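Residue numbers start from 1 in every chain, and the chains themselves are labelled A, B, ... in the order their sequence lines are given, proteins ahead of strands. We use all heavy atoms of the structure for the numbers below, so side chains are in, but hydrogens, waters and symmetry mates are not. The structure displayed is predicted, hence computed values, not measured ones.
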2 protein chains.
Amino acid sequence: MPSADRRIPARRKPRQVRAELTRERILTAAAHVFTEYGYAAGTTNRIADHAHVSIGSLYQYFPNKEAILAELMVRHIDRGMWTEADELELTPGSLETTVRALVRDAVDNHRDDPQLLRIMLEEASLSQELLDTIERHGKKRVGQVRDLLARHPDVHVGDLGMAAELIVFTVETNTHKVMADPRAIPIETFEDELVAMVTRYLRGDR
Amino acid sequence: MPSADRRIPARRKPRQVRAELTRERILTAAAHVFTEYGYAAGTTNRIADHAHVSIGSLYQYFPNKEAILAELMVRHIDRGMWTEADELELTPGSLETTVRALVRDAVDNHRDDPQLLRIMLEEASLSQELLDTIERHGKKRVGQVRDLLARHPDVHVGDLGMAAELIVFTVETNTHKVMADPRAIPIETFEDELVAMVTRYLRGDR
DNA sequence: CAAAGAGCTGAGTTATTGCTCACAATACTG
DNA sequence: CAGTATTGTGAGCAATAACTCAGCTCTTTG
């Protein structure tokens with residue numbers, strides 16, 4: 001492994017469609033390879049092989065291995081970002097309906113490739129910059145949920161911010177677990193329990 | 001990195017106290033090094049250095065790097081296992097008290113070295129055997145909690161097994177998160193919310 | 001106290017992997 | 001179609017890290 005901090009030369013920017021396709025093939029292959037082998041064992045040569053591309057080509061579009069993972073991560077985050085329209089859409093209905101929508105949202109976010117997400121979050125040591133992006137995304141999401149809860153009449157909790165944080169994290173990790181586990185519990189059943197837990201919590205029953 | 005599956009020669013078993021001490025020093029150093037550098041960058045040479053032991057000695061007691069982590073993991077699990085006495089001790093009291101005890105237990109389990117636990121669980125790719133041990137431990141724990149809930153009069157949930165699973169996982173991961181995050185939320189506050197959530201869920205209020 | 005064995009050493013071997021670079025192939029342009 | 005720019009190739013370099021082994025020191029034992 002070469003020294004980590006070396007001057008990273010600027011990469012060529014694709015000008016022809018061919019090049020753009022190559023880039024995409026590399027990313028697709030990387031997703032597959034990381035999923036199958038994990039981050040450490042998902043070598044750049046393996047990725048290149050899988051993409052039917054030479055290792056040299058790979059390094060023409062990505063300055064290093066981490067950059068590939070970073071791009072996958074950024075794309076995932078972008079896909080998962082709520083638009084304001086989505087947010088409004090969640091407002092009406094009973095508390096349970098709202099919570100269920102939240103859970104469904106988390107499930108959708110994991111649908112593509114739960115294994116890959118796990119690897120991205122857990123296995124690879126991401127750059128500080130990327131971690132910051134994820135952090136910001138998380139904070140924004142907690143904020144959205146907090147606002148959502150604030151607008152709902154049935155919510156009775158002490159600290160709304162903390163409740164939002166607790167909920168987002170709990171829903172996220174539980175979904176993550178059920179989706180990532182091959183021999184998983186049926187999602188529907190688990191979803192019901194999760195929804196029940198969160199709903200009862202928010203309702204603040206004594 | 002040498003090929004993963006090679007004949008692993010039997011290691012020397014310590015016969016003198018001196019040897020036992022060396023083994024312990026290696027394990028202690030490994031815990032420190034893994035915590036500070038992570039698993040991948042926590043090299044065997046670094047561990048040996050930190051333990052003031054030659055790399056050769058290290059390999060006299062552990063067949064490979066993973067075995068070191070495995071031993072740390074097994075020890076952690078053993079420490080965290082409930083005895084029957086512990087179990088009985090948890091029975092009496094209000095539901096909230098019981099839940100709080102559960103949460104406290106998780107906190108205690110993370111107290112030693114939350115970073116290390118994170119590394120063990122997330123970063124390293126553990127052997128199937130070790131994963132099975134962890135799995136068995138998890139199942140046993142869920143079983144213990146299920147029995148605990150079954151004995152409590154205030155618990156009203158549909159599927160007790162699933163409830164136990166949901167609770168154990170939720171308490172575990174939330175605790176894990178708060179403990180591992182350096183700029184963490186005050187544990188007490190978070191604990192209260194977590195306890196509230198789980199308690200309200202179990203009480204099954206409508 | 002001397003022989004035997006247990007424990008310890010660390011330079012060196014083996015293997016892997018991220019990544020470069022000199023060159024070849026392909027696409028664009030006038 | 002010649003000349004230029006872009007894209008693609010893959011052997012091999014350099015770095016790194018897991019692990020070995022020949023020979024040493026320390027402990028035990030008779």
Side-chain angles (χ1 to χ4, degrees), chain A residues 1-27 29-30 33-34 37-71 123-125 127, chain B residues 1-27 29-30 33-34 36-70 123-125 127:
Chain A
M1 236 169 279
S3 62
D5 46 4
R6 187 163 65 265
R7 173 127 265 80
I8 50 155
R11 295 295 117 168
R12 183 170 294 166
K13 225 181 91 181
R15 324 229 145 190
Q16 305 173 8
V17 261
R18 179 169 57 131
E20 194 57 57
L21 287 174
T22 305
R23 234 190 91 97
E24 286 312 309
R25 263 191 300 157
I26 293 168
L27 283 169
V33 170
F34 284 148
Y37 296 90
Y39 184 68
T43 68
T44 47
N45 281 289
R46 246 200 270 259
I47 293 170
D49 276 1
H50 199 95
H52 301 292
V53 154
S54 78
I55 182 67
S57 288
L58 187 150
Y59 278 98
Q60 276 190 338
Y61 298 109
F62 300 93
N64 51 53
K65 185 179 170 178
E66 200 202 307
I68 305 176
L69 190 86
E71 172 105 20
E123 232 176 89
S125 58
S127 72
Chain B
M1 235 169 281
S3 63
D5 43 6
R6 187 163 66 268
R7 176 136 283 19
I8 50 155
R11 295 296 118 169
R12 180 171 294 167
K13 226 181 92 179
R15 324 231 144 188
Q16 303 174 8
V17 261
R18 177 168 59 131
E20 194 56 58
L21 286 174
T22 305
R23 233 190 92 98
E24 286 312 310
R25 265 192 298 158
I26 292 168
L27 282 170
V33 170
F34 285 149
E36 186 163 4
Y37 296 90
Y39 183 68
T43 68
T44 46
N45 281 289
R46 246 200 269 262
I47 294 170
D49 276 2
H50 199 95
H52 301 291
V53 155
S54 78
I55 183 65
S57 288
L58 187 150
Y59 279 97
Q60 277 191 340
Y61 298 108
F62 300 94
N64 51 51
K65 185 178 168 177
E66 200 201 304
I68 304 176
L69 191 86
E123 232 177 90
S125 58
S127 72

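OP1 or OP2 of dC8(C) lies within a sub-4.0 Å distance of a side-chain N or O belonging to Thr22(B). Between Thr44(B) and dA18(D) there is a side-chain N or O to OP1 or OP2 distance below 4.0 Å.
Counting only heavy atoms from C-beta on, Tyr61(A) has its side chain closest to dG8(D) among dA27(C), dG8(D), dC8(C). Checking dC19(C), dC19(D), dG7(C) against every side-chain atom of Asn45(B), the shortest atom distance belongs to dC19(D). In this structure, of dT6(D), dC19(D), dT17(C), it is dC19(D) that holds the atom nearest to the side chain of Asn64(B). Closest contact between the side chain of Thr43(A) and the listed nucleotides dT17(C), dA27(C), dT28(D) involves dT17(C).
Contact annotation for Phe62(A): no contact, since no heavy-atom pair falls under 4.0 Å across all strands.
The side chain to side chain contact (heavy atoms under 4.5 Å, CB included) test applied to Asp49(A) returns no partner, not counting sequence neighbours. Contacts of Thr22(A) classified as side chain to side chain contact (heavy atoms under 4.5 Å, CB included), with partners at least two apart in sequence or in another chain: Arg25(A), Ile26(A), Val53(A), Tyr61(A).
Proximity of residues 49-59 of chain A to DNA chain D (heavy atom under 4.0 angstrom from any strand atom) is restricted to Val53(A), Ser54(A), Ile55(A), Gly56(A), Ser57(A).
The interatomic distance linking Lys65(A) (NZ) with dG18(C) (P) rounds to 4 Å, in whole Å. Across the protein-nucleic acid pair, Gln60(B) atom CD and dG7(C) atom P stand 8 Å apart, rounded to whole Å. The interatomic distance linking Arg18(B) (CZ) with dT28(D) (C1') rounds to 10 Å, in whole Å.
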